[in-house]
2 protein chains.
Amino acid sequence: MASDAQPTPVSAKQPVTLREVAALAGVSVATASKALNGQGRMTAETRTRIRETAQRLGFRPNSLAQSLLRRRSFTVGLLTNDTYGRFSLPLMAGVSDALVDAGVSVFLCNVEDDPRLAQLHVDAMLDKRVDGIIATGKRIDRHLPVDLANLGIPAIYAFTQPDPGAIAFVSDDAGGARLAVEHFCRLGRRRIAHVSGPASFAVVHARAEAYRAVLAENGLPVMEPLLGPWSEAWGHEAVAKLFDGEGFDGTREKPDAVFCGNDQIARGVIDALRERGIGVPDEVGVIGFDNWQIVAEATRPPLTSVDMNLAALGREAGLALLSLVGGEPALPGIRKLPCRLVVRQSCGRPPDG
Amino acid sequence: MASDAQPTPVSAKQPVTLREVAALAGVSVATASKALNGQGRMTAETRTRIRETAQRLGFRPNSLAQSLLRRRSFTVGLLTNDTYGRFSLPLMAGVSDALVDAGVSVFLCNVEDDPRLAQLHVDAMLDKRVDGIIATGKRIDRHLPVDLANLGIPAIYAFTQPDPGAIAFVSDDAGGARLAVEHFCRLGRRRIAHVSGPASFAVVHARAEAYRAVLAENGLPVMEPLLGPWSEAWGHEAVAKLFDGEGFDGTREKPDAVFCGNDQIARGVIDALRERGIGVPDEVGVIGFDNWQIVAEATRPPLTSVDMNLAALGREAGLALLSLVGGEPALPGIRKLPCRLVVRQSCGRPPDG
DNA sequence: TCCCTCTGAGAAAACCTTTTCCCAAATCGC
DNA sequence: GCGATTTGGGAAAAGGTTTTCTCAGAGGGA
């Protein structure tokens, strides 16, 4: 059939087994296995002959058989309830990146918020003997609808509420807010407002706390954060409240900076300011949160925003799971990963730029 | 240890094997297997005793062992190069949905546009004996950087360029464009412009063709489509060209409708029209493409848009792969799935609404 | 020459389940 | 009561790999 000096292996319809390699090389499967894995003792000649035979046949070991024997499948499950969201994408990419380098494949499990579906997926993962599970979500303060605590395999939580005693990676929202507000301070802004999302989100409070703290540290007036939906429309509305209302801190002064809870709100704020003829960033600086690139770059002017480094967060989670699977001990707890400020043009330039 | 009338099985650290079930039930593994699978012949009493034992121990068969034996892993690989995009998400969710119902798990393979990475993933899938592969992308007219043709397992393409002789599911872009333009016609719009993406995209031409065809069928003037980047900024620019330029079809008449190649362009168009004081939808109707919900709902007024039904497309792809894996024959070729028009407020109400 | 040690390689068990074949006991027909 | 069939259940192979144990032969020392 195939010429016997074939350089590239034919991709066989039926995968070639170790037994076939061994037969063709004239040795036992045991010897063939050892030759290919660098184990055992044999003549160099035997080893290379077996290796060449394997190469020629395009032999690749059956992972299923290996996994069965080793009790390690080099596979993990990735649970998410953020199917349509933009948070899970970079997160998943980060996880996947970290794992593919270690030869570990990732099962994608979209569980929505359905406990039945979640349990279905978890059971399937367990049956397929995944080495571990990573749980990710769209909200830091919400549980996935399934318990991952006593599965007998390690679990890591990323950007979702962990079970007690587990290991979780989340963004440092307070730190991110600090980054934004301190940047405004450095730029000389004095009346910094905060427009954020619904009070039911934990991150809203974390960011608001940090906002207050930084202003206090800098001796600047604090305006009670304006809370509403995570939408452009709310950004518009908030501008009306900020600029038609009582003004800042009881005085009649208007804000010269707005720190927004996400980029959609920021987009609404910027559009509303423009419609009022208020210059951004000259009269009012705006900073968003999430660094949703496609939105941040489409605002006029392009939006400065806090990036949660979700891909990096995913990487960390992946690496942590790997080390857990490898048997290394790790302390439970929540690890907050720093955000970074992506400066574009909506906040103004540094004075000594 | 555990009380022997335990209703919910303890999730054992070490998964319990069939051998243990058999031992506890006082039968051989063969009998135990047959009892649980409804095979073989035995007393009803024996069968229920074995089943209850399995239940009590929380026995779940090891998929690895089953797969090894059956030569079927109930697992498929999902290749994508659209990590950060919004197209792959609904697509992947659709695929996942279709497969999870059949008890099939999905390996997520993010290959970017890196042939090395793609080959790495494909090899890993093959080693893990996936039953099939689904290839998805962010562009209908681009290949994934790897050849899926002679792998010995079935492959289905969804929203990406297939290998010749393969089965692919794509959106019917021409049909989608038809939907939009015909809707404008029904609403009585007479001077319908088309602002779309770069000429390097196949869909741009498909949609432009359909645009021309519908206008011709209705005896309406055709304006050469305006091509540019897929961005809001281009939408702004295009409005300038449309409303400052020569006007429609050589006359000085301005468009009363704009069909846009995606929702971002449409958003730019609507914003630009508002800034010029041109009423949407009263003076000019606007329809977008992609139905990117978060954008479409944030425009003022909310954007009517063509939806490619990507989740349904993913479902179809998943089901097709399943039937291929099941051994059912299928004709190669490209299946175009219909789009649907999601009517919001940017296009105006039907005359006899 | 004899005994011991090393070397190269194979046999077999293990991982866990499914399935085919087989066997002993029980039942049936007459 | 005897041969034929059915019934209930077990033994073993298969799936592909890894690893431990074993063993035959070769070489070395005395």
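The figures that follow rest on heavy atoms only: side chains count, while hydrogens, waters and symmetry mates do not. Quick caveat, the model's predicted, so the values are computed rather than measured. Naming convention: chains lettered A, B, ... in sequence-line order (proteins, then strands); numbering from 1 in each chain.
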Novice: I want to check something: taking the side chain as every heavy atom from C-beta on, are Asn81(A) and Lys138(A) in contact at a cut-off of under 4.5 Å?
Specialist: yes
Novice: What residue among Asp113(A), Thr160(A), Asp163(A) forms side-chain hydrogen bond (donor to acceptor under 3.5 Å, both in side chains) with His143(A)?
Specialist: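 When Asp113(A), Thr160(A), Asp163(A) are each tested with His143(A), the side-chain hydrogen bond (donor to acceptor under 3.5 Å, both in side chains) holds only for Asp163(A).
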Novice: Just the rounded figure in Å: distance from C1' of dA13(C) to CG of Leu68(A).
Specialist: 13 Å
Novice: Looking at the rings of Phe169(B) and Tyr157(B), which for Trp means the six-membered one, are their centres under 6.0 Å apart?
Specialist: no
Novice: Quickly work out the Arg60(B) CZ to dC16(C) P distance and round it to whole Å.
Specialist: 16 Å
Novice: Short of 4.0 Å, heavy atom to strand atom, which residues of residues 31-49 of chain A count as contacting DNA chain D?
Specialist: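 Ser33(A), Lys34(A), Asn37(A) - these, ordered by number, are the residues of the stretch whose heavy atoms sit under 4.0 Å from the strand.
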Novice: Restricting to non-hydrogen atoms, name the atom on Arg129(B) and the atom on Ser73(B) that form the minimum distance, rounded to 0.1 Å.
Specialist: O-OG, 2.6 Å
Novice: Contact boundaries of DNA chain D with chain B (under 4.0 Å, heavy atoms), 5' to 3'?
Specialist: dT7(D) to dG16(D)
Novice: Between the side chains of Arg56(A) and Glu52(A), is the shortest nitrogen-to-carboxylate-oxygen separation below 4.0 Å, so that they form an ion pair?
Specialist: no
Novice: At what distance, to the nearest 0.5 angstrom, does CG of Leu321(B) lie from CG of Asp131(B)?
Specialist: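 Reported value, rounded in 0.5 Å steps: 8.0 Å.
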Novice: Given the side-chain rings of Phe159(A) and Phe87(A), with only the six-membered ring counted for Trp, is the space between their centroids under 6.0 Å?
Specialist: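 Judged by ring-centre distance (under 6.0 Å), Phe159(A) and Phe87(A) do meet the cut-off.
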Novice: End-to-end bend of the helix from dT1(C)-dA30(D) to dC30(C)-dG1(D) (five-pair axes, 10° rounding)?
Specialist: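 For the helix from dT1(C)-dA30(D) to dC30(C)-dG1(D), the axes at opposite ends meet at about 60°.
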Novice: Heavy atoms, side chains only, cut-off 4.5 Å: are Met92(A) and Ser96(A) in contact?
Specialist: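 SC-SC contact between Met92(A) and Ser96(A) ruled out.
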Novice: How long is the line joining CG of Leu69(A) and P of dC16(C), in whole Å?
Specialist: 9 Å
Novice: Any non-hydrogen side-chain atom of Glu316(B) less than 4.5 Å from a side-chain atom of Leu337(B)?
Specialist: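 The answer is yes, as the side chains (C-beta and beyond) meet within the 4.5 Å cut-off.
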Novice: Nearest whole angstrom, please: distance from the P of dC16(C) to the CD of Gln66(A).
Specialist: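 Going from CD in Gln66(A) over to P in dC16(C) covers 16 Å.
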Novice: Without decimals, in angstroms, what is the distance between Arg19(B) CZ and dA13(C) P?
Specialist: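 Result: 13 Å.
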Novice: Can you check whether Ser105(A) reaches Lys128(B) side chain to side chain, under 4.5 Å on heavy atoms?
Specialist: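 Yes; the side chains approach each other to less than 4.5 Å.
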Novice: Over all heavy atoms of both residues, which pair between Val130(B) and Ile133(B) is shortest? Give the atoms and the distance, please.
Specialist: CG2-CG1, 4.2 Å
Novice: Find the distance Asn62(A):CG to dC16(C):P and express it as a whole number of Å.
Specialist: 16 Å
